[in-house]
Amino acid sequence: MHNEMTDFPKRFYQRLLLDYDHKLNVEGINGKRLAERLAKLAGIGLTPNNGSSRMGFSEEERKAKKLVKEWMKEAGLEVREDGAGNVFGRLEGKENDSPVVMSGSHLDTVPNGGHFDGTLGVLLALEVVAAWKEKGYQPTKPYEVVIFTDEEGSRFNGGLSGSGAMVGEVIREEQLKLIDVFGNSFEQVLEEAGLTVDGYLSAKRNLKEIAAFVEVHIEQGKQLEKENLPVGVVTGIAGPCWIEVSFLGIAGHAGNTPMNDRSDALTAASQFILQVETLPSKVSPSAVATVGKVHVHPNGVNVIPGKVTLCVDIRDIHKETRDLLVDKITESAKQVASDRGISVEITENFRITPVPISIQMQGKVMKAVENHVRSSHLSPSGAGHDAMIVGRHLPIAMVFVRSKGGISHNPMEWTSLNDCVIAARVLKDLVEDLTM
C-alpha cells in the first residue's frame, strides 16, 4: 500500500498527459506545468484508495497552501495570509491604486474526495500569472490569486469559512458555538492551525479594494459532457432552502387494520414525494427539489407507519422563484395530508439567498469562452461555492469545466488536461478584460 500511495502522483501526472494536445500551449499557458502541480497537490492528504482528504484547518490543508505559496512566489507574487488562513498572492498593476481583480478557489476537500474540486480553480488563477510572467505582461489593475480556507465544511458541517471571514459575514457568538467532528471547539481548531478567534474575525477586507472575483470550478454535473463542450458560463449560484416535513398518521397492525380504515403516514409521504418531483418545472427552468432523507416510524415490517419525517432540499438561482417553489411544496404537503385525513408539521431549517450573476459579467465570460470554444453553454450552479459568498457583496463571474461522468466528491473525479488548459486560456482572456 505504501508504494501504491507514493507512486500515485506520478501515475496521475502521466494520465493527465496521456492524451494532451500540446498545441494548446499558447501565450505562456503550459499544460505540463499545470499537470505537475495538480499531481503534486494530489499527493497531499492522499487516502488509501487514492482519494483526497484535506479537511479545513488541517495539517494537510496547510501543507497544500504552503506548496502553492511557493509557486506564487516563483511567479513573482507578493504573498500574505490573513487571520482566517486565506492566502493572497498579489501582482502589482500599472495603476496599482485601482481595485484588485481576484481569482481562485479552495484547496480543502471532502473526506476521500477528488483532485480537481477547488484545486483546479486555484491553479488556473496562478497559471494566468505564470503565463504573464513568461510573456512580460503586466495588467493595468492589480490581480490577486486567492486560496480560501475551509470551503467544503467537512470540519464543522458548515463551510465557506474563509470567504465568509473575508467579506465580514461571520458572527463571533455563532462561530464560538461550533464544535468540529472530533469534538473540538472552533477556538481550539484555530489555535491548532496557528490562528486565533480575534485574527479570524479581523480577516474582513475593505471590499472597496476589490473590483471583481472570478472562480473557475469543475462542473460537478453532466451538462457540458452532454453538449460536448470543455467549458461553460455559470448564470448564478442556487440558494438552498431546507424544509422538514412530518406526516402524522396512526400506527396500526398490518394484518388487522382494513385498507379502508388506515391513517398511513408513509403512503401520504410517498404521494407528496412524487408531487415534489413535478413542481420545479412549473416555477423555473433552473429550479430543483430533492427528497433525500426519510425516517419512518416505528419502522416495523408488520406495522402501518404512524409518522414519516422527510427533508426537502429546494434550490434556484433566483430568490423569487425559489421562494415560490418553497410555497408550492409546502402547500402540496398540506393538501396531501388534508386529502388523506392526517396531520402534517412543517419546519424550515434554513434559507440561503441565491446569487444570480449579472448579465454584464455573463457577457464577459461568454466573450472569453467563444474565443476558444464553438459556443457558450449557460447553466446555473446547484452547488455552493466561495463565489456565492463573495457575490453577495461584489461582482462575480464563474466558469465551469467539464467533469467526466459528472462525478465529484469522489476519487473518480476527473477533468482532462485539455479541458483544464482551455479553461486556463478562457480565464486569462477574462482576467485581462477585467484588469484593463
Side-chain angles (χ1 to χ4, degrees), residues 37 40-41 44-45 52 54-93 96 99-109 118-130 142-156 158-170 172 175 178 180 184 186-211 213-215 385-387 389-390 393-394:
R37 290 175 172 180
K40 286 179 180 177
L41 286 172
I44 300 174
S52 181
R54 295 192 295 265
M55 183 176 283
F57 300 106
S58 67
E59 182 181 346
E60 291 79 14
E61 186 192 37
R62 291 194 295 277
K63 189 175 179 182
K65 286 178 182 174
K66 182 181 178 183
L67 181 56
V68 176
K69 284 195 279 188
E70 291 172 6
W71 295 333
M72 286 178 169
K73 290 172 185 174
E74 285 176 19
L77 299 180
E78 180 185 329
V79 180
R80 70 176 185 87
E81 188 167 337
D82 69 14
N86 297 318
V87 176
F88 302 91
R90 183 182 176 94
L91 180 70
E92 300 294 307
N96 209 43
V100 68
V101 173
M102 184 182 289
S103 183
S105 194
H106 60 96
L107 295 176
D108 68 303
T109 71
T119 302
L120 183 63
V122 171
L123 293 183
L124 293 190
L126 182 56
E127 185 62 26
V128 169
V129 182
Y143 175 64
E144 285 184 10
V145 178
V146 59
I147 307 169
F148 286 118
T149 297
D150 183 40
E151 189 268 358
E152 294 289 2
S154 302
R155 183 134 219 166
F156 295 102
L160 303 164
S161 300
S163 50
M166 188 194 80
V167 300
E169 284 196 6
V170 294
R172 185 186 190 96
Q175 294 299 124
L178 296 177
D180 77 358
N184 301 311
F186 183 70
E187 189 168 12
Q188 285 176 296
V189 170
L190 287 184
E191 287 175 358
E192 287 174 10
L195 304 168
T196 65
V197 173
D198 287 342
Y200 176 80
L201 294 167
S202 68
K204 183 180 185 305
R205 288 278 292 262
N206 177 358
L207 299 182
K208 292 179 181 178
E209 297 174 355
I210 304 172
F213 172 67
V214 181
E215 184 167 9
H385 302 283
D386 288 308
I389 301 298
V390 179
H393 307 268
L394 295 165

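We number each residue from 1, following the sequence as shown. Source: prediction; values computed, not measured. Values below: every heavy atom of this structure, side chains too, minus hydrogens, waters and symmetry copies.
Here the side chain of Glu151 pairs no donor or acceptor atom with the backbone of His106 at under 3.5 angstrom. Checking side-chain atoms of Ser202 against main-chain N and O of Asp198 turns up a donor-acceptor pair under 3.5 Å. Side chain of Ser103 to backbone of Val214: a donor-acceptor contact under 3.5 angstrom is found. The main-chain N or O of Ile389 is never found under 3.5 Å from a side-chain atom of Ser163 such that the two would form a donor-acceptor pair. Under the 3.5 Å distance criterion, the side-chain polar atoms of Arg90 are left unmatched by any main-chain donor or acceptor of Val100.
Under the side chain to side chain donor-acceptor pair (under 3.5 Å) criterion, Glu61 pairs with no residue, sequence neighbours left out. Not counting sequence neighbours, Phe57 has no partner by the ring-ring contact (aromatic ring centres under 6.0 Å, His included) test. The side-chain contact (heavy atoms from CB on, under 4.5 Å) search around Ala165 returns Ala84, Tyr200, Ala203, not counting sequence neighbours. Among residues two or more places apart in sequence or in another chain, the ring-ring contact (aromatic ring centres under 6.0 Å, His included) test is passed with Phe88 by none. In this structure, the side-chain contact (heavy atoms from CB on, under 4.5 Å) partners of Leu201, at least two apart in sequence or on a different chain, are Val170, Arg172, Val197.
In terms of heavy-atom proximity, Asn184 sits nearest to Phe156 at O-CE2, 4.3 Å. Shown here for Ile210 and Met166, the closest heavy-atom pair between the two residues is CD1-CE, 4.0 Å. Between Phe213 and Asp386, the closest heavy-atom pair is CE2-C, 4.5 Å.
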Exercise answer: donor-acceptor pairs, residues 66-81 side-chain atoms, under 3.5 Å, sequence neighbours excluded:
{"unit_1": "Lys69", "atom_1": "NZ", "unit_2": "Glu81", "atom_2": "OE1", "d": "2.8"}

Trace of the side-chain contact (heavy atoms from CB on, under 4.5 Å) decision for Arg54 with Thr119: CA-CA 11 Å; Arg54 295 192 295 265; Thr119 302; 3.1 Å; yes

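Taken from CD1 in Ile147 to CG in Leu126, the straight-line distance is 8.5 Å, to the nearest 0.5 Å. Between the CZ atom of Arg205 and the CG atom of Asp82 there is a distance of 8.5 Å, given to the nearest 0.5 Å.
At least one side-chain heavy atom of His393 sits under 4.5 Å from a side-chain heavy atom of Glu169.
Counting non-hydrogen atoms of neighbouring residues, nucleotides and ligands closer than 6.0 angstrom, the CD atom of Glu192 exceeds 12 such neighbours.
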